[in-house]
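Remember, it's a predicted structure, so these values are computed and weren't measured experimentally.
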Amino acid sequence: MDYTNLRRQIISMKKSLFDQGYLDEQFNQLEELQDDSSPNFVDEVVALFFKDSSRLLTNIEQALEKYPQDFYRLDSLVYQFKGSGSSIGALRMKNECSMFKAHCNDRDLEGYRTLDDSSSIPASHSLLEQLHLIPWLTQMPPVTPEDKEGACHSEAEAGDIFSCKHKHQIKGPVST
Amino acid sequence: MASRKGLGGEGSAPVPHVLAVDDSSVDRAVIAGILRSSQFRVTAVDSGKRALELLGTEPNVSMIITDYWMPEMTGYELLKKVKESSRLKEIPVVIMSSENVPTRINRCLEEGAEDFLLKPVRPVDVSRLCSRVLR
């Protein structure tokens with residue numbers, strides 16, 4: 001199987017998440033913590049994030065449907081959402097949460113709802129689903145000399161974020 | 001959630017045991033990962049109540065690192081209980097928070113907190129802290 005293109009697409013996707021401000025340096029910090037003793041660390045943290053965030057999003061949606069709105073509860077839920085997003089480097093989602101909290105403080109969610117649909121917590125969150133693909137970079141066979149030219153070309157385009165110093169070794173299927 | 005990894009060999013100094021307290025599963029995983037990468041033995045719990053239960057049975061906790069905002073018992077309340085205990089008061093306590101509130105920080109430091117870290121916690125912050133507190 002030709003993994004070169006697949007690897008290139010995932011790297012490109014990851015670069016795009018950084019370039020568009022969905023991810024920040026904190027995600028790089030998590031990747032730095034992944035090693036032979038914790039080969040699935042990033043995948044595990046991302047899985048915990050989505051488990052947590054799915055529950056919180058449901059609770060937020062339910063709280064939004066109530067009238068009169070319980071701004072204290074909404075603020076508390078979004079605070080938790082913002083916190084875990086911040087811990088995995090989900091920059092844009094963190095900023096969306098800050099904006100939402102500000103509207104909660106002003107008791108003005110109508111003002112928040114008039115924003116562009118792309119600027120919303122669920123939209124930012126759903127784009128982060130792509131993070132599930134990143135652990136696949138470590139599941140693919142080692143880079144061959146033929147692959148390296150293509151992969152490094154992509155990595156050179158991606159800049160220092162994906163420097164060739166990251167060693168990728170096949171580890172077998174990721175347990176979920 | 002508990003993650004334990006002692007690397008002390010025969011005859012070597014005991015590996016410091018750090019108790020991490022955070023109600024967020026994501027933050028527990030991240031702080032445990034950071035501490036583990038610094039070669040510490042880590043136990044991570046999700047509440048101040050569980051932290052106190054563990055402190056009652058585990059004699060050799062070298063440091064406590066706790067989130068500030070937790071339901072039922074805040075990190076500040078946990079700090080106070082630790083510092084009020086004659087058996088536990090010498091254990092360094094570090095508070096973490098995603099909010100930079102000077103009055104909160106000062107209150108924790110005045111109550112005896114060793115340090116106050118802003119989230120997201122970075123490996124370099126924890127490494128620097130542990131070097132100062134534990135070695």
For Asp52(A), enumerate each residue passing the side chain to side chain donor-acceptor pair (under 3.5 Å) test, keeping only those at least two apart in sequence or located in another chain.
Arg55(A)

Name the region of Val124(B), side chain, backbone, both or neither, that has any atom closer than 4.5 Å to a heavy atom of chain A.
neither

Is Ile31(B) in contact with chain A via its backbone, its side chain, both, or neither, using a 4.5 Å heavy-atom distance?
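Nothing of Ile31(B), per the 4.5 Å heavy-atom cut-off to chain A.
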
Closest non-hydrogen contact found for Gly33(B) with Leu33(A) is O-CD2, 4.0 Å

Looking at Ala29(B) and Leu48(A), what are the two nearest heavy atoms and their distance?
CB-CD1, 3.6 Å

Residue Gln26(A) versus chain B: region with a heavy atom under 4.5 Å
side chain

Any idea which of Asp27(B), Val121(B), Asp23(B), Asp67(B) has the most non-hydrogen atom pairs under 4.5 angstrom with chain A?
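Most heavy-atom pairs under 4.5 Å with chain A: Asp27(B).
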
Please determine if Arg128(B) and Asp115(B) form a salt bridge, counting it only when a charged side-chain N lies under 4.0 Å from a carboxylate O.
no

